[in-house]
Every structure is written in structure tokens, then in C-alpha cells.
Number of protein chains: 2
Amino acid sequence: MKPKLTLKQIARELDVSISTVSKALRDSSEIGEETRKKIKAFAKLYNYRPNNIALSLKNRKTKTIGIIIPEIVHYFFTTVISGVEQVANEMGYNVIVCLSNNSFDKEVLNLEMLANGSTDGFILSMAKETMQKEDYHHLTEVTNQGMPVVLFDRVVDEIHCDKVIIDDVLGAKKAVQYLLDKGSKKIGLVSTVDYVSVGKLRTRGYLEVLRENNVEIDDKLILKIEDMDNSETEIKDFIDKNEVDAVFAVNEHFAIYAIKAIQEKGLKVPEDVSVIGFTDGELSKRFIPSLTTVSQHGERMGAEAARLLIDKLERKPEEEESYRTVIVETNLIERNSTKL
Amino acid sequence: MKPKLTLKQIARELDVSISTVSKALRDSSEIGEETRKKIKAFAKLYNYRPNNIALSLKNRKTKTIGIIIPEIVHYFFTTVISGVEQVANEMGYNVIVCLSNNSFDKEVLNLEMLANGSTDGFILSMAKETMQKEDYHHLTEVTNQGMPVVLFDRVVDEIHCDKVIIDDVLGAKKAVQYLLDKGSKKIGLVSTVDYVSVGKLRTRGYLEVLRENNVEIDDKLILKIEDMDNSETEIKDFIDKNEVDAVFAVNEHFAIYAIKAIQEKGLKVPEDVSVIGFTDGELSKRFIPSLTTVSQHGERMGAEAARLLIDKLERKPEEEESYRTVIVETNLIERNSTKL
DNA sequence: TTTCAACACTCAAACGTTTGCGCAAAATAC
DNA sequence: GTATTTTGCGCAAACGTTTGAGTGTTGAAA
């Protein structure tokens, strides 16, 4: 058990000063050829690596970015992390992951914890509770201290920072237009309550397309789930009571609950009813029938977010502030839950 | 944009020395009542928080643990992270997540990166490539430096450290015994090649139970998948060619490919053929029919791993070294892919 | 021989903390 | 009034780096 080599030890061992060692290892011209070689050889032999913490303190940057997400046991978020990680690692950054579990308090705690020197900046998707409370002081505080923040997916206008989102309205429009094009007339919508921004936006897309195509909007065909834990039975009720020839669901789970309900009603997917989901996860790919979905490209979002953040971090302070919002395109992935 | 308060600034502002500020904030009896109150009030007002990096350097501990996993877009690993995070946060630790993408080189890189002061210890599940190469020098090097490591799931005997695993043999035995109890006679096995330790162990469990029950072992009923990318067609072939009344698959995906193949063959699950999987993920729960599986309790494994690690970290150095292996129990979760 | 630049190296400060020790002034004891 | 203790605070070192300024030695130019 050898406790990690430091510059000081090398210096003592080789009978030179600490700064000589440091400079030799960084190929400074101040150090003579011979000494430099000797020091480098020694360092290599004993596998010297500079201490990151000391470097962080000196340079006032940690080369670490924090990512705070509502939950990790969730396909979309894992793909985002994956994207962040890839770009971050390429650029020599580490990634600290924290979970808010959709709790406002834990989000605040995590942010405070990491803001005290542990990370250079944040990538964050807001907790549901935070969006309900509309309390963003913890975020503004962090940005006020000069730490860059990139928001993704769950985003609010009140916070001035870089953002990475998808065009939820457009994504929904693509999906519903597709259903109309395939001949569907009565398209049901399974969405969430409006304070969840994505639910609201996707609902708007649904409504817009119907209007653009002069299809009458029937409020009875719109279901807004309040209680996530009870979504399965709510959806079953909805399907049982209404006659639809297509369903657009704002996420994977709602989509497969809809399919279950439709099948239990004695109808077939996609022959009798087409179903489209949102967010392309494991479930969509493997389910039988596999789901036609609007893909959300989490990995790309993560990569974009990381790029935005690192850009800010490595920019000279002279350059003026400006905030960008990157919109990642959605695609409709055609599979077997919609008729051809 | 105010750039973060330090002890030095408080000291200057209040016209006392840095050490006085530090001591006052830590309620040292050396500091007079009045000064202490004044300093505390000031610190509170301007929301002083000690700099973590400086503390890390001073205390030679970071209160951060690193977790390196083969991939994150994978239900089991996310549940593990979730478990680690929970315990770590409770104990005041942060979690750095790194992905090896099953690559030996990236595992080494990540480990080196984090070992230079960024973390106090590691929780790790080995990359597939590492297990093939059987090269563990990067791990032994880290443990030699006195950094605790906890291995989970993919584990090897060669490395001396704490471990968290499930009893794969027993889990498999439970599953196969269950099938036998329900009257299955010809039980197929869909496993992986033997260098993946879990595949080997689960296969052993399958074989043991059959022997214990005096059921003849038919090698034709055992499929070992070589190429993961081609698993679906391999499984389809296997099901088409063999007559089985039950299938035990060593993971979720294999299980649902088996179900697909069975259904395409014109048979019904579970009426004609029962299927049991391993690892309880999203897919198992939502698939139709939902899957009977051996649950792996990732969250519990993560929590155990975190506890083991933090235990080591906070133990006095005098106490002697000893390594524990925690075996997390598996349960059979009965759902709809097996007959009642 | 003196002067001065070039060379090769060391010193010391800084990043933000914590903490043992020293020291002055005030409070107490004699 | 002096001697001693107590109180309240500051100094400086340490954690492991980097880096500008300083220093001593050499060799060559004047």
C-alpha cells in the first residue's frame, strides 16, 4: 500500500526543488536537459499523476460537470446521460450525477452541494415539484454566481440560460398528421395535466393539426391524466367509453396501456385502431406490436447540452453573454402499431 | 454576478483574521461571544458556504464515490445507481458516474481519471472486455493505493475487495424448479457463452435442478448465444427446431424473443409454453403477457455496495482489513408468462 | 579583468481551508 | 502593585499544485 506519489516526494528523492520537478514534467525550457530527463524517468517509473483536487483548487476549475435529473430509472434520461458523458469525456470532463427524485427540496440540496466548488457548471432537467411551485431561486442563485447552467427537456422561460429542447408541438403535429394521412378520423389523445409542460405542448400540437385539417375537435376524445399511479385504469375507462380509430399518447406507457385496453375491448392494433406514442424507449421497440413513436433523441440532447455547457466554460470572460436554445429534431419512427 | 464568498473576504470585511472567521463559524471556544455572533450573522447574511475543493485538499478526502458501469441505458444498472445514490446522499457523499461502454480501455481511463484525488473509492461492475481479457491490473493498482473498491454483479475472485452479488445459481434453480413444479417436462435454456459469469452460473443452476429432480438433460435444449446482435434469430431458430413446454432465459430480452418465436410458431404463452426470464425490468412488467422473472433487486445491491464502501471509508485505519461478500436474495415474481 | 547575458535552478505566493501554538491584554490572585 | 491566569485573537503551516520573480554559476564579449 503506497500512498500516491506527489511532487514533493519526487523532489526529495531526486534532491531538487518542487518547482523544478513541476517544471520538468511540464517541459519548461527553464530546466536543463539532463535534470528533465531524470525527473521524467522517475515520474514515469513510479507512475506519477498530478492530484486533481490540488489542480482544481489552483485553477479554480474542476473539469467536472453536474447533471441533475428527476429520476434515473427512466429510459429517456439514461440516454441523455449517455450523450452528456460521451461529449464530456471527449473534452476531458467528468460527470457527477445527482437525482432529485422529482422533489424540490432534493433538487435544491443537490444544487447547493455541487455549487460549492464541486462542479464548473450544471445540466439540469427540473423536478416536477419545482415546476409546480414555480420557485427557481436556487437556479438563479447559481447562475448569479457565474456558474453556467443548461436546462433540457423540462424548461421554463423565467430562467435565462442555454436550453436544449425538442419541438414538442411539432413532434405531436407530425404524429397526428401521420394518423390523419393514413385515414384515421377519430383520434383520441392521452395526455397529462397542463402544468407538465410537455403535456401541454403536445396537446397543443394535437389541437393545431386537427384545426389545420378542418377536423372537428371533440373534447371527449381528450384524456388528461392527473394521477400517474392510476393511469392504467383511467386509460382503460377512456378507451372503453369512447369510439376511436386512432390514439396519440404523450408517452410510451400511456401508449401501451391504450393498446392493452383496446385489445381487451376486443379490437386489434393496428387493424382497428392505430396507436402512436412519444419517446422512443425499450418498450416501444420490443412491445408486440412494436410502437410507432415520435423519437426524442435523448442522446443527441445530452450531447448538445454538454457542448453548450463546455462552450460556456471554456469561453473567455470578455466575450459577451448570450443564451442559446437548441431544438433537437424529432422523427416519426414507423413500426407496427399503425396501419400502413 | 458575485463570485462566491470566502473566509478571506469575510475576514477583510469584518477586520479580523481568517482563522478567527474559521473558528467562529465552527463554534470554537477560542472566539469571544460577540465576535462569533457578528461573524456568523455576516456569513449567514451573505450565504457563506465553505469551498468543497479546499476542504477536500485539506482533509484528503472528497466525500465523493465513483461508480463505473458498463452501460447506463440498461434498467438493471439504473436501479443500482439509484440505490447507491440514495445511501450515498444520506451519508453526505456525492456520486460520480462513469461509463465503460464495456470497453477495457475506457474502464482503465475512467479509473485512472478518478483515482487521482477525485473520489475516495469505487463501486464497479466490470466491462465485458475486461472479463474476457482477465486483465485486472488497473483495479489492483487502485486497491494497492489504499482506495477501497466494491465490485458488484460482474465479479471475479482474483480481486480482493468487498463484493455484492446475487446467488445466480440459486436464482436459476428457483426458476427451473418452479417450472418443474408446474408440470413442465421439457425445459429449454437460453443462456450466454460461458465467459460471461452470470450466464455460466445460471446455466449451472439449470443443470443442478434437473439433476436433483432426475430429469434427463438434453443438450439440444440448451442454447448459448454467442453474438448478442444476432440473438433474436438464433432464438427463433432454436424455438422452431425444438419442442419445449417451458423456456428459462437468462435475461429479459432473450425471454421476450423466445415468446415472440413461440407465438410465431402458432403456440401460446403460457398455455402451451411457459417462459421465465431473469432480471426484473420495465419490459418484464409491461410486456403482454407480463413476464414471470427472477428479480435481481438492483436498488438493494446498489445500497449494499454503497454501505460497504462508506463503511470502509469511514473506518479507522487501525482496524484490520477484511473483505465481505454480500449476497442479495433473488425472488421469483410470478406473472402471466407461466401457467398457474 | 570586468561586465553582462544566458542558463539552471530555487523561493515564495497563491488557490481556500483548518488548527496548534504564540502572544498581548484583561482579569484575577497574592 | 506585582505575579499569574484567563480570554480573545492572530500567525503560520499544511494539503498539492503552478508560476513569476529572484539567485547563483557559467561562459563569452568588451
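Numbered from 1 within each chain, the chains take letters A, B, ... in sequence-line order. Remember, it's a predicted structure, so these values are computed and weren't measured experimentally.
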From CD1 of Ile39(B) over to P of dG8(D), roughly how many Å is that when rounded to an integer? 13 Å

Short side-chain N/O contact from Ser22(A) to OP1 or OP2 of dT18(D), under 4.0 Å: yes

Using whole Å, what does the distance between atom C1' of nucleotide dA14(C) and atom CD1 of Ile53(B) come to? 16 Å

With a 6.0 Å cut-off (strictly less than), is the heavy-atom count around OH of Tyr46(A), excluding the residue itself, greater than 12? no

For the residue pair Phe152(B) and Phe76(B), categorise the inter-ring angle as parallel (less than 30°), tilted (30 to 60°) or perpendicular (more than 60°). tilted

Residue pair Met301(A) / Val164(A): nearest heavy atoms and the distance that separates them: CE-O, 3.6 Å

N/O (side chain, Arg60(B)) to phosphate O (OP1/OP2, dA14(D)) under 4.0 Å: no

Is Leu55(A) touching bases, backbone alone, or none of the nucleic acid, heavy atoms closer than 4.0 Å? sugar-phosphate

Is Arg300(B) salt-bridged to Glu304(B), going by a charged N under 4.0 Å from an acidic O? no

Which comes earlier along DNA chain D counting from the 5' end, the contact point of Ala54(B) or that of Asp15(B), where each point is its nearest nucleotide? Asp15(B)

Point-to-point distance, once rounded to the nearest 0.5 Å, from CG of Asp15(B) to CD1 of Ile10(B): 14.0 Å

N/O-N/O pairs, protein side and nucleotides 11-13 of chain D side, under 3.5 Å:
from, atom 1, to, atom 2, distance (Å)
dC11(D), N4, Ser19(B), OG, 2.7

Can you tell which of dT17(D), dG16(C), dC9(D) lies closest to the side chain of Glu30(B)? dC9(D)

Result for 5'-nearest mapping on DNA chain D, choosing between Arg36(B) and Leu57(B), is Arg36(B)

Rounded to whole angstroms, how far apart are CD1 on Ile31(B) and P on dT19(C)? 13 Å

Determine which pairs satisfy salt bridge (charged side-chain N to carboxylate O under 4.0 Å, His left out) with at least one residue from residues 71-97 of chain B, sequence neighbours left out, and list them in order. Lys106(A)-Glu85(B)

Protein-nucleotide distance (Ile10(B), atom CD1; dT18(C), atom C1'), rounded to Å: 15 Å

Does OP1 or OP2 of dG16(C) have a side-chain N or O of Tyr48(B) closer than 4.0 Å? no

Just how far, in rounded Å, is C1' of dT18(D) from CZ of Arg26(A)? 7 Å

Under 3.5 Å donor-acceptor pair, Glu33(A) side-chain atoms to dC7(C) base atoms: no

Rounded off to whole Å, could you give me the CG-to-C1' distance for the Leu5(B) and dT17(C) pair? 14 Å

Taking 4.0 Å as the cut-off, does a side-chain nitrogen or oxygen of Lys8(B) come that near to OP1 or OP2 on dT17(C)? no

Counting heavy atoms from C-beta on, name the nucleotide in dC9(D), dC9(C), dC15(C) closest to the side chain of Thr35(A). dC9(C)

Here's a test for you: under side-chain hydrogen bond (donor to acceptor under 3.5 Å, both in side chains), which of Asn52(A), Thr62(A), Thr64(A) qualifies with Ser118(B)? Asn52(A)

